[in-house]
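Naming: A, B, ... by sequence-line order, numbering from 1 per chain. Reckoned from all heavy atoms, side chains included, excluding hydrogens, waters and symmetry mates.
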Amino acid sequence: MIFSEEILKWYRENKRQLPWRDTRDPYKVWISEIILQQTRVAQGMPYYQRFVAQYPTVSDMARAREEEVLKLWQGLGYYSRARNMHATAKTVVSKLNGKFPETYEGLLKLKGIGDYTASAIASFCFDELQPVVDGNVYRLLSRYFGIDLAINSTAGIKQFKELAKKVMSTTNIRDYNQGIMEFGAIQCAPRKPYCLHCPLNKSCVALATNRIAELPVKLKKSKVKLKHFNYLVVVDANGQTILEQRKGKGIWQNLYQFPLLETKEEMAAISLGQLKDLGLGDHPSILLYNERPMVHKLSHQHLYTKFWILRTDKVVAKAIPWEKLPDFPVPVLIADFIKRFKF
DNA sequence: AAGCCGGGGTA
DNA sequence: TACCCAGGCTT
């Protein structure tokens with residue numbers, strides 16, 4: 001049987017019921033695709049439900065404040081997705097009359113929509129003949145066709161896209177694209193795929209040559225960097241604390257955190273001179289909350305973190321009541337501390 | 001072309 | 001642990 005027919009058949013028999021599969025509304029499909037970038041379905045599902053409930057239309061999202069969108073996104077990671085999503089909602093409303101573009105080319109111009117996401121929305125909503133090539137598709141194609149070209153090299157990206165286009169269905173691109181990703185995710189899983197009862201096992205090159213475990217090939221990723229974070233948790237005379245918004249380029253852009261001292265080495269003690277003009281007076285008490293640094297692991301950084309509790313009998317200007325903290329979008333590292341810290 | 005950007009699930 | 005996830009943007 002033809003490759004695409006096998007995919008479609010398998011999909012009909014094995015598809016999961018997912019809310020964004022019941023609609024052709026590009027707004028909802030778009031939300032689901034942004035959320036699912038580098039994110040498993042199980043992790044993204046509750047976020048999808050919350051975003052659709054909170055913002056039923058693109059106008060609702062466009063009207064929201066970025067902080068509110070980030071708060072709803074809190075815990076999903078890769079926060080540029082949320083910022084770009086919000087910016088695109090505003091663009092669609094202000095420049096496109098509230099309507100999403102209906103072509104791959106048009107969608108590609110929007111912030112946060114790259115080749116994969118433009119192909120997904122164009123094919124799912126408008127039946128445009130564009131193949132989707134996500135991590136699942138790379139894996140399936142590299143194994144089935146026995147291709148050891150690195151999937152994240154420039155040549156690999158180009159070749160896999162061409163191959164995906166060559167083997168795609170031209171009669172039901174919507175189900176086929178959903179199907180090939182589902183097949184890769186469930187049947188052709190990263191480790192221990194179910195080759196024994198795979199409908200493609202008669203013609204899979206990797207299986208025939210015993211290379212399932214070696215494919216796909218991926219270029220090595222850069223090394224993890226170690227950083228030392230010292231958070232200054234102020235407790236003032238009114239039991240209020242200080243939060244600052246992260247600006248600039250790095251991680252957690254536009255999220256909030258306690259005032260931060262980043263150091264080259266682990267810090268043993270804090271002197272009054274390091275308290276960043278927080279307005280704590282001359283005699284705050286300094287207590288180290290965790291003697292052993294907590295290690296917060298991101299994919300590219302390991303953050304060795306200490307929380308320093310700074311109590312003062314002064315009233316600190318612009319301090320925030322502890323009960324207001326849940327209103328602010330914060331990294332998981334900060335949210336976990338807030339949850340555990342009782343003062 | 002390579003680096004950067006989160007957090008969580010899985011074997 | 002190491003790898004991966006319905007990737008995209010910046011340098």
Side-chain angles (χ1 to χ4, degrees), chain A residues 11 15-16 18-21 29-48 70 73-85 87-88 107-121 123-124 130-140 150-158 160-161 164 174 177-186 188-193 213-225 227 246 248-255 295-303 329-336:
Chain A
Y11 183 59
K15 66 182 285 192
R16 290 170 290 182
L18 302 173
W20 47 86
R21 287 183 176 161
V29 171
W30 167 67
I31 291 179
S32 76
E33 291 303 337
I34 302 299
I35 286 176
L36 292 175
Q37 286 169 5
Q38 293 293 285
T39 304
R40 286 187 168 74
V41 167
Q43 187 187 1
M45 179 74 77
Y47 286 85
Y48 173 82
L70 284 171
W73 195 271
Q74 181 178 309
L76 253 191
Y78 285 153
Y79 295 91
S80 66
R81 292 184 290 169
R83 298 191 303 269
N84 286 334
M85 182 175 74
T88 287
L107 289 159
L108 201 53
K109 292 189 172 72
L110 298 171
K111 273 190 182 180
I113 297 185
D115 175 71
Y116 162 76
T117 304
S119 302
I121 300 173
S123 61
F124 298 164
Q130 293 285 348
V132 291
V133 188
D134 73 335
N136 298 308
V137 175
Y138 279 120
R139 184 170 55 253
L140 172 56
I151 61 173
N152 56 343
S153 66
T154 303
I157 292 168
K158 186 167 177 287
F160 278 97
K161 173 92 176 178
R174 173 179 156 92
N177 273 348
Q178 303 252 10
I180 190 170
M181 290 192 287
E182 188 92 330
F183 193 107
I186 293 173
C188 196
R191 273 176 287 187
K192 302 181 71 172
E214 302 162 25
L215 295 175
V217 173
K218 215 169 175 177
L219 263 39
K220 66 176 193 310
K221 41 188 177 183
S222 48
K223 265 183 57 182
V224 174
K225 292 179 177 168
K227 292 189 172 180
R246 286 185 69 95
K249 285 292 174 187
I251 57 172
W252 302 332
Q253 193 183 338
N254 291 7
L255 272 65
V295 188
H296 187 70
K297 295 184 176 181
L298 309 179
S299 50
H300 52 295
Q301 295 181 29
H302 287 184
L303 308 176
V330 297
V332 165
L333 172 63
I334 301 296
D336 285 347

Strictly under 3.5 Å: I want the nitrogen or oxygen pairs between protein and nucleotides 9-11 of chain B, one per line.
residue, atom, partner, partner atom, Å
B/dT10, O2, A/Arg191, NH2, 3.2

Distance between P atoms of B/dG3 and C/dA6 (Å, rounded): 25 Å
If only side-chain N and O atoms of A/His296 are considered, is one of them under 4.0 Å from the OP1 or OP2 phosphate oxygen of B/dG7? yes
Scan residues 74-82 of chain A against DNA chain B and write down, sorted by residue number, each residue with any heavy atom closer than 4.0 Å; if none is found, say none. A/Gly75, A/Leu76, A/Gly77, A/Tyr78, A/Tyr79, A/Arg81
Residue set satisfying side chain to side chain donor-acceptor pair (under 3.5 Å) with A/Ser123, at least two apart, ordered chain then number -> A/Asn177
Under 4.0 angstrom, heavy atoms only, what part of the nucleic acid is A/Arg16 near: base, sugar-phosphate, or nothing? nothing
Nearest heavy atom decides the nucleotide; on that basis, is A/Lys223 or A/Leu333 closer to the 5' end of DNA chain B? A/Lys223
For the residue pair A/Gln37 / A/Tyr116, report whether a side-chain donor-acceptor contact shorter than 3.5 Å exists. no
Please classify the nucleic acid contact of A/Gly184 as base, sugar-phosphate, or nothing, using heavy-atom distances under 4.0 Å. nothing
Short question: side chain of A/Arg83, backbone of A/Asn254 - any donor-acceptor pair under 3.5 Å? no
Applying side chain to side chain donor-acceptor pair (under 3.5 Å), can you list everything that pairs with A/Arg174, at least two apart in sequence or on another chain? none
Both A/Lys225 and A/Leu298 contact DNA chain B. Which one's nearest nucleotide lies toward the 5' end? A/Lys225
Results of side chain to side chain contact (heavy atoms under 4.5 Å, CB included) for A/Val217 - residues two or more places apart only: A/Asp148, A/Ala150, A/Leu215
B/dG6 P sits how many Å from A/Leu36 CG, rounded? 18 Å
Name all residues meeting the side chain to side chain contact (heavy atoms under 4.5 Å, CB included) criterion together with A/Ala42; count only those two or more places apart in sequence or in a different chain, and write none if there are none. none
Scan A/Asp115 against the nucleic acid and name what it touches under 4.0 Å (heavy atoms): base, sugar-phosphate only, or nothing. sugar-phosphate
Which residues satisfy the salt bridge (charged side-chain N to carboxylate O under 4.0 Å, His left out) test with A/Arg16, sequence neighbours excluded? A/Glu182
Checking all strands, does A/Trp73 fall into the base, sugar-phosphate, or nothing category for heavy-atom contacts under 4.0 angstrom? nothing
Regarding A/Ser153, tell me which of base, sugar-phosphate or nothing describes its non-hydrogen contacts under 4.0 Å with the strands shown. nothing
Separation of B/dC5 C1' from A/Leu70 CG (nearest whole Å): 14 Å
Base, sugar-phosphate or nothing for A/Gln178? Non-hydrogen atoms, less than 4.0 Å. base
Does A/Val132 reach a base, just sugar-phosphate, or nothing at all? Heavy atoms under 4.0 Å. nothing
Mind checking ring pair (Phe, Tyr, Trp, His ring centres under 6.0 Å) for A/Phe183 and listing every partner two or more places apart, or none if nothing turns up? A/Trp10
Nearest whole Å is fine: how far is B/dG6 P from A/Ile334 CD1? 14 Å
Note: chain A reaches DNA chain C at heavy-atom distances under 4.0 Å over the stretch, first to last nt, 5' to 3', of C/dT1 to C/dT11
Under the rule for salt bridge (charged side-chain N to carboxylate O under 4.0 Å, His left out), what residues qualify as partners of A/Lys161, not counting sequence neighbours? A/Asp115
Contacts of type side chain to side chain donor-acceptor pair (under 3.5 Å), residue A/Ser32, not counting sequence neighbours: none
Could you check how far CD1 of A/Ile251 sits from P of B/dC5, rounded to whole Å? 7 Å
Is there a donor-acceptor pair under 3.5 Å between the side chain of A/Arg246 and the backbone N or O of A/Leu255? no
Classify the nucleic acid contact of A/Leu303 as base, sugar-phosphate or nothing, counting any heavy atom under 4.0 Å across all strands shown. nothing
Those residues at least two apart in sequence (or on a different chain) that pass salt bridge (charged side-chain N to carboxylate O under 4.0 Å, His left out) with A/Lys158 are A/Glu162
